[in-house]
Protein chains: 2
Amino acid sequence: MSATHTDVPVDGPAEQDCSIRDVLDRVGDKWSALIVLRLSDGPRRFSELHREVDGISQRMLTLTLRALERDGLLSRTVYPTVPPRVDYELTDLGRTLLTPIAALREWAVAHRDDIRRARARHDHPTSDPHASPAPAS
Amino acid sequence: MSATHTDVPVDGPAEQDCSIRDVLDRVGDKWSALIVLRLSDGPRRFSELHREVDGISQRMLTLTLRALERDGLLSRTVYPTVPPRVDYELTDLGRTLLTPIAALREWAVAHRDDIRRARARHDHPTSDPHASPAPAS
DNA sequence: CGGTATCCGTAGGGATACTG
DNA sequence: CAGTATCCCTACGGATACCG
């Protein structure tokens, strides 16, 4: 990633691009944002996340949680009981991330239909805008 | 807060997850957000974007622009001059996306150091929290 | 200038099996 | 329950060459 990464002195568009590049590499993956959102209303156990984050594999759940923990976005608490229990919870830093991610989600909810329409329009450019566009995906 | 209680009729978490899943698949890729940000202060030519979006290949610039156009986030205007000139500009829909992306960028700028520190702490767990954390490896 | 077409390596990520 | 370990496949994306 940051191969040519010398110390940029101050701000400027390059600096900001670089920052958002980092963030996208971090939470722009397939699962991080979803997990962070799941954790927004309190801690979760591994198996709870596995059930609630739809479609995620055990492997990716582990990997993503580890990465988020590494970046200080969530904390991992192991209870040495049997059977074992592990709780994941957003840190203060992780909670600050909640704001922009929630903004993204709200945008998604608000404009998903716009995008679907635009896509349909682009994909089969029938001259009839009233033709049923969404075959119930 | 019990899991045995699914009284949410329509806009449950699954619905929202599904939406943000879509958005992440769309703008969570390596270049889309960067391009949208570049276009925030007005239209750009292909070659301008190629220069301004650091590190992007011609191929990925084309592909990403096409995808964004397909989703109605930007418009493509061809001037039949010679040499040819093509302008890309955010649509109204694209401009609405600017808000959450900018929020993400601001978060990135504000917390990049926090993440770097957390990462360093995690990666080499020296017992000395005052040791210089980023040895510019 | 603004693209396509092609080739190709790598990383992301799913499925499955095993473990403490 | 909460993971590892392994295999394997594909989509992303870089490099390069060519075209209108």
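Each chain gets a letter, A, B and so on, in the order the sequences are listed, and its residues count up from 1.
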Ranking A:Leu65 and A:Arg59 by the position along DNA chain D of their nearest nucleotide, the one closer to 5' is A:Leu65

Answer yes or no: is there a side-chain heavy-atom contact under 4.5 Å between B:Leu39 and B:Glu89? no

When the nearest nucleotide of DNA chain C is assigned to B:Tyr88 and to A:Lys30 on a heavy-atom basis, which residue is associated with the more 5' position? B:Tyr88

In this structure, how many angstroms lie between the P atom of D:dG3 and the CD atom of A:Glu69, rounded? 10 Å

With respect to the side chain of [X], which nucleotide from [options] is positioned closest?
| X | options | answer |
| --- | --- | --- |
| B:Arg76 | C:dC1, D:dG3, C:dG3 | C:dG3 |
| B:Phe46 | D:dT4, C:dG3, C:dG13 | C:dG3 |
| B:Thr62 | D:dG13, C:dG14, C:dT4 | C:dT4 |
| B:Pro84 | D:dC1, D:dG20, C:dG3 | D:dG20 |

If the cut-off is 4.0 Å, is [X] near the phosphate of [N], judged by side-chain N/O to OP1 or OP2?
| X | N | answer |
| --- | --- | --- |
| A:Arg85 | D:dG3 | no |
| B:Ser47 | C:dC1 | no |
| A:Arg66 | D:dT4 | yes |

For the backbone of B:Ala110 and the side chain of B:Arg112, can you confirm whether one donor and one acceptor N or O come within less than 3.5 Å of each other? no

Counting only N and O atoms by type, is there a donor-acceptor contact under 3.5 Å from the side chain of A:Thr91 to the main-chain atoms of A:Gly72? yes

A:Arg21 NZ/CZ over B:Trp31 ring centroid, <6.0 Å and within 45° of normal: yes

